[in-house]
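Data block below; observations after.
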Amino acid sequence: MQVPRFWREIPRYYRLEAAACVQCDAIHFPPRKICPSCGANAFETVRLSGRGALTTFTIIRTPPSGFTDQAPYAVGIVELDEGVRLMAQITDCDVDTLKTGDRMIAKFRRIREEGRTGVIMYGYKFVPDVGV
Amino acid sequence: MRDVAIIGIGMTRFGELWESSIRDLCVEAALACFNDAGIDRLDSITIGSMSSGLFTGQEHLASLVPDYLGRRNVPAVRVESACASGGQAVRTAFLEVASGMSDVVLAIGIEKMTDVSGGEATYALATAADQDYEAFHGVTFPGLYAMMARAHMERFGTTRDQLAQVAVKNHENGSHNPHAQFPFTVTRKQVINSVMIADPLTLLDCSPITDGAAAVLVAPAEMARELQRGPLTVITGIGHATDTISIAHRADLLHLDAIELASSRALGMAGKTIEDIDFAEVHDCFTIAEILVLESMGVVPAGQGGPATLDGLTALDGDFPVNPSGGLKSKGHPVGATGVAQICEAVTQLRGAAGDRQIPNARIALTQNMGGSGGSSVVHIVEAR
Ligand SMILES: [Zn+2]
């Protein structure tokens, strides 16, 4: 991956920056320039809580190129408490004990690296939220 | 708009065709199609391919294909809508003829997938998902459908046996199809016990990586009547719709809006309801996909796709036969070719030429082609006149 393509997503990947529609309050992640709910095009940047519940997941056992060193790994959809749903890996847990409904919290993690001279990509992954 | 008929069909065998290049496959399918139509005229070509660039390095099929068909100077265009590229090619050909812009148009669907490794193919397929917010996290296509499968099992009580029955049924049908990549039968136990790909989906829940091409020739119905070669097969309805690229953004993960809208638009155009359909070829890229499509098109209520499949509703001798060709599961899934191959099966059935997999008295067919995880869909209604 070319550096700019990763770099320009950093506000989302590192800080979970989302767009809140000033007209209808809908929150969009990733941010959009046109609100699919009301059609408005003015937004405020907000940061997502990163806390929510697992709605569904799978365990990837046949990975795409770039992820072969990580398999098997869990990927799921988490619905955050503010209603936004996002997909990410679920880590720091025994994937065989995961269940839908489990509380999750987003953490800053390494996503993958592209060999010895490529980009090391960081971003959010979910881990079970046992502290609630 | 003019009425548009399908006057020729042709396809290659589907499989791991090491000896055939992307140009070989296109030419073989087109030649079979011209032979079938019995005419030599060609005004325009539409080509559906999801990712000839990633799979073979070859772009610019709009020059390569007419060149190697011996039709230099004929206009050609490539259309892309991920795994719905084939359906999109037929739709584009239809529009050219219906509008009066062209008379005889060839729609070709092609994908040559085995020139890259399995990991690269998995990567190429995943480019149909949101690159920055789905594929970035290492999710694969089996993974996206696996998340829908788990949600379906938890919400509706859909069982592993019900999912597996989709594969059992489609392999049974495909065992009668000489073009099929995997023309063997499987048992539910074999499906469930095959290697896990993305929980809960196993290898035999997934359509394979396939090389292949399919072609149809469309022309004004009036011209088809004059040719008088067998029963007239007319495209009476086309529906096309889109949805969010990320599955996390859908209002309901288990209702595919693009499929509901594409099928209702196609049926509306044809003046039909789903009850009028004699059989359907649908996009069973995974076992769960066929169940979701049945429910989203309203063949059965939400949650009933699994039990209905186990009860035989969609079997060759059921009340609503689905995928008599063997579907993507058994026939194979060269992604860009699939939507065109579905039309080939529809026409074969409507002609009464499907041999051991023939559905008796088939008059009205529906084909449903899907892009990605349901981000786009094209539905055709084809009728024998
Ligand atoms: Zn809004």
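Side chains included, hydrogens not; waters and symmetry mates left out as well; all remaining heavy atoms used. So you know, we letter chains A, B, ... as the sequences are listed, proteins then strands, and number each from 1.
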Next item on the list: Step by step, work out the side chain to side chain contact (heavy atoms under 4.5 Å, CB included) result for B:Phe136 and A:Met121.
Entry: CA-CA 10 Å; B:Phe136 178 74; A:Met121 285 169 256; 3.8 Å; yes

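- Residues of residues 23-41 of chain A lying under 4.5 angstrom from chain B, judged on non-hydrogen atoms, are A:Phe29, A:Pro30, A:Arg32 by number.
- Residue B:Ala135 touches chain A through its backbone alone, counting heavy-atom pairs closer than 4.5 Å.
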Next item on the list: Decide side chain to side chain contact (heavy atoms under 4.5 Å, CB included) for A:Arg61 and B:Asp199; before the verdict, give the C-alpha distance in whole Å, the side-chain angles of both, and the deciding distance to 0.1 Å.
Entry: CA-CA 8 Å; A:Arg61 297 179 192 272; B:Asp199 310 36; 2.8 Å; yes

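- Rounded to the nearest 0.5 Å, atoms CD1 (B:Ile247) and OG1 (A:Thr56) are 7.5 Å apart.
- The shortest heavy-atom contact between B:Ala146 and A:Thr58 is CB-OG1, 3.3 Å.
- Using a 4.5 Å heavy-atom threshold, the side chains of B:Met196 and A:Ile59 count as separate.
- The part of B:Ala251 that comes within reach of chain A is its backbone (N, CA, C, O), which places non-hydrogen atoms under 4.5 angstrom from that chain.
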Next item on the list: For B:Arg250 and A:Arg85, run side chain to side chain contact (heavy atoms under 4.5 Å, CB included): C-alpha distance rounded to whole Å, both residues' side-chain angles, the deciding distance at 0.1 Å, then the answer.
Entry: CA-CA 9 Å; B:Arg250 309 236 170 111; A:Arg85 286 185 298 271; 5.6 Å; no

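- In this structure, A:Phe57 CZ and B:Arg150 CZ are separated by 3.5 Å, a value rounded to the nearest 0.5 Å.
- Heavy-atom distances place no part of B:Ala126 under 4.5 Å from chain A, backbone and side chain included.
- Not a single donor-acceptor pair under 3.5 Å links the side chain of B:Tyr123 to the backbone N or O of A:Pro63.
- Separation of the B:His137 and A:Phe67 ring centroids does not fall under the 6.0 Å cut-off.
- Contacts between B:Leu203 and chain A at a heavy-atom distance below 4.5 Å are absent for every atom of the residue.
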Note to self: Please determine whether side chain to side chain contact (heavy atoms under 4.5 Å, CB included) holds for the pair B:Leu144 and A:Met87, giving the CA-CA distance in whole Å, both sets of side-chain angles, and the decisive distance to 0.1 Å.
What the structure shows: CA-CA 10 Å; B:Leu144 292 172; A:Met87 186 178 290; 3.6 Å; yes

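- Contact annotation for A:Tyr124: both backbone and side-chain heavy atoms come within less than 4.5 Å of a heavy atom of chain B.
- Side-chain atoms of A:Glu9 and B:Tyr133, non-hydrogen and from C-beta on, do get closer than 4.5 Å to each other.
- Shortest non-hydrogen contact noted between B:Thr140 and A:Pro64 is CG2-CD, 3.4 Å.
- To the nearest 0.5 Å, atoms CE (B:Met153) and OG1 (A:Thr100) are separated by 12.0 Å.
- By the 4.0 Å N-to-carboxylate-O rule, B:Asp132 lies too far from A:Arg12 to be salt-bridged with it.
- The distance from atom CD of B:Glu134 to atom CG of A:Leu86, rounded to the nearest 0.5 Å, is 11.0 Å.
- Nearest heavy-atom pair, A:Ile60 versus B:Gly143, reported as atom, atom and distance to 0.1 Å: CD1-CA, 3.8 Å.
- Crowding of A:Glu44 atom CD: a count of heavy atoms from other residues, nucleotides or ligands under 6.0 Å not exceeding 12.
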